[in-house]
Amino acid sequence: MEEIWNALGRALSFGTPLLLASLGAVINERAGVVNLGVEGMMAVGALAGFAVAYGSGAGDGNLYFAVAAAAGAGVLASLLHAFAAITLRANQFVSGLALTMIGLGVAGLLGKRFEGFPLFNQAPEWPFTVGVVLLALGLAFVLAYTRLGLVLRSVGENPAAADALGIDVVRVRYLAVAFGGALAGLAGAFLSLAYRPSWTDGMTVGLGWIAVALVIFVGWSPLRAIGGAVFFGLLYYLQFRLQGQSGIPTEFFAAMPYLLVIVVLALAGLRRVQGAAPEALGQPYQRGER
Amino acid sequence: MASTILQLSGITKRFPGVVANDRVDLELKEGEVLALLGENGAGKSTLVSILYGLYRPDEGEIRIEGQPVQIASPAHALRLGIGLVPQHPLLVGRHTVAENLALGVGRFWFPAQRMVPLIEQLARSYGLEVDPHARVHQLSPGEKQRIEILRALLRGARVLILDEPTSVLTPLEAEALFRVMRELRSAGKSLIFISHKLDEVLAIADRVSVLRRGKVVGELPVAEATKPRLAELMVGRSVSFERKRAEPRLGPALLEVRGLQARSSRGLPALRDVSFSLRQGEVLGVAGVAGNGQSELVEVLSGLRRAEAGTLSLEGKPLVPDPARLFEMGVAHIPEDRIRMGTVPPMPVSENLALREYRKPPLARGFFRDLAAYEQRAKAQVQQYAIATPSPSTPTRLLSGGNIQKVILARELAGSARLILAVHPTYGLDVGATEQVHQILLEKTYQGAGVLLVSEDLDEILALADRVAVLYQGRLQGPFEVGSLTREEIGLLMTGSSLPTGQGGAA
Ligand SMILES: Nc1ncnc2c1ncn2[C@@H]1O[C@H](COP(=O)(O)OP(=O)(O)O)[C@@H](O)[C@H]1O
Ligand SMILES: [Mg+2]
């Protein structure tokens, strides 16, 4: 019994950053922009959060500032993608991949001096977990029942129609991508401030990739993302459990997140959710094209 | 005298290689329907795009109730009271009608839900029935159009522009649209109605302005307009509505189809035991409501779909399911969807013209392409088929529908076409282009080719075909000699009824 509760607790621990990051990605994808840079934005957010919390060196920084810094770093990172994908109309997949590599690289480089230091003012996990569930509920409502949601969805479905009605497609998409960046940054903060209060290179362990795949798995719905995040949080936990006990080589576990992504997408394919994808997903918008 | 609501003077708009609008003057009065008539490419859509703020004019002035205005965007146009019902609807397919109509104007909380009563009220007062909760992608083209009209009205449009609204409608839906238009006119709205169908213009408009090559070439009250006069203004020469055929010189059998069966892409039986023959020099019309097996028939004959049973032969040689080899055998295909299937839109005209014969000299020189030969051949074909394009290197997508169709004809008929499969060859084309396409097809029959003409336009079939057959649920009735059946009888066959015995008689 205790084992099960423990498992569920750990599933929530992994599920929280997963849900944070996928909610962000749901929002930018509903506006029509794919961002594969989640893993990178998460790493940048984790480092920024840790650096601020670490403060003068004794781990006495302000945790609120730390969380805000993580979100801010995520936003800054996401704006790189926004500029390439929206303003320059670059290929969104390539730009997102580049962002992941840049994010991981920059965080790894700048984080060297924090490597191995513990954080004394650890943040609790529960505010993140409770907050993200409330956020999911709120986003579902906003998407369905407010002008903001209507505008966002329209931009992702048919930007030309939205543009013709005076909606600033570029602005909406920038804001959506920035929102995605902020949530990915927060997911990183959860890891480096609450889950494992420290900084280690590669501490995002592929969660960002799962989050991206999860968006498809849950059919771009914030509500279903809650369930999806718990489910994949559980799988993640099981993976770490096995890692400690079995004689399976560690390389296998290192590859696990990516195998999981394939599993997620295969399951999504079975559920035929692809049809729920926003119509203009991944397509740059240009006015007056014939 | 009604006051002038909208006035355009000297509007000029240039695109690379074309002057789409050339010093256009136009005046719209309150409570009138002004028809804007012109061939494809005459500049009608460009002109209304300028009015709707989609394009900026290079020169000229727009006045609304005497005030000069610069229309910066569609949203701005709507604020000025100008609404456009575009040729292709600009709607979010997955959203509901109410969500579409709330976009850009709804309140913050529950925008769509609060829109519903407004929609219902407006719909009632103008006879624009539409279910606010329906998802747009489930609606018919006519219903989508009503949403666009509602959108303009919801925003208080006083001027409503309809860009070729009837091109996507059935005759019944078009009648309903005209009723709405009359309703709007009597409510004091001003309408600009774009069309290239003369009968419609005569039926609904108060005044007609004719555009040709970007210029206004005539403006007259509808009372003074006649079909021939409008057509002449529009095309710049007199147009015949008759397709006088030289006495048909029918040769020996060309195409033999016996017991053909095929399934649709969804696996359902689409052709059931279809048999007919087509002779040299003959035009065989295939009438029927879309979806009764026409597409499958043409696909089998052009090698795009396998037959399940039956024999097919062209001049005694069996037909194989291989489009390239069929083309070599003389099968030309003018497909239904001229943009997506007939051409590669972003590719230049010269390359689209070469798509059938790029493998052979002179276009191919061993492994390489001979670009000079492409250019030279394209120039010759552009001239022969009177394709209006700035140059052979212009992307085909920038051409008008009629000119795209001529590119396809030029390409398909370049070989020694024996059997021409023409599906809706003049759908959406104006009278001038229609006449040209018909002439090209008829000329080929004089040279001994046979034409299988699949069309939903009965007038087209009756004008061109020697015999007509009707497809209903995959079964072919006929062929009958064209003169032996009335329009009504063909119409009956199209709905699956059979003719009283002794009628028609298979030829
Ligand atoms: N965006 C564009 N770029 C280049 N040429 C264009 C563009 N839009 C229209 N044209 C050209 O301008 C002319 C007028 O086109 P259009 O206004 O669409 O005619 P209509 O609506 O009367 O059929 C055509 O020659 C067309 O090819
Ligand atoms: Mg047009």
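Naming: A, B, ... by sequence-line order, numbering from 1 per chain.
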The interface call for B/L78 against chain A, heavy-atom contacts under 4.5 Å, is side chain

From the list A/L150, A/L148, A/V142, the residue making the most non-hydrogen contacts under 4.5 Å with chain B is A/L150

Of all heavy-atom pairs linking B/P74 and A/A164, the shortest is CB-O, 2.8 Å

Applying a strict 4.5 Å limit to non-hydrogen atoms, the region of B/A112 in contact with chain A is neither

query = Quick one: does A/R147's side chain have a donor or acceptor within less than 3.5 Å of a partner on B/P111's backbone?
reply = no

**Prompt:** Hey, do the aromatic rings of B/F108 and A/Y145 have their centres closer than 6.0 Å?
**Reply:** no

Handout entry: A/Y64 atom OH, neighbour heavy-atom count above 12 within 6.0 Å
Key = no

Between A/A161 and B/L91 the two heavy atoms that sit nearest each other are CB-N, 4.2 Å

### Task
Please say whether more than 12 non-hydrogen atoms of neighbouring residues, nucleotides or ligands are located less than 6.0 Å from CD in B/Q113.
yes

Atom CZ of A/R171: over 12 foreign heavy atoms under 6.0 Å: no

So CG of A/L165 and CG of B/L90: to nearest 0.5 Å the spacing works out to 8.0 Å

**Request:** Tell me, yes or no, whether the heavy-atom count around B/R155 atom CZ, taken from other residues, nucleotides or ligands under 6.0 Å, exceeds 12.
**Result:** yes

Can you give me every donor-acceptor pair (side chain of residues 131-138 of chain B, partner residue at least two apart or in another chain, under 3.5 Å) with its distance?
| residue | atom | partner | partner atom | Å |
| --- | --- | --- | --- | --- |
| B/D131 | OD1 | B/H133 | N | 2.9 |
| B/R135 | NH1 | B/R94 | O | 2.8 |

Nearest heavy-atom approach of A/G166 to B/A75 is CA-CB, 3.4 Å

Could you tell me whether the side chain of B/V92 reaches within less than 4.5 Å of the side chain of A/R153, counting heavy atoms only?
no

Applying a strict 4.5 Å limit to non-hydrogen atoms, the region of B/R107 in contact with chain A is backbone

To the nearest 0.5 Å, atom CG of B/L103 lies from atom CD1 of A/I167 at 3.5 Å

| task | Please say whether more than 12 non-hydrogen atoms of neighbouring residues, nucleotides or ligands are located less than 6.0 Å from CZ in A/F65. | result | no

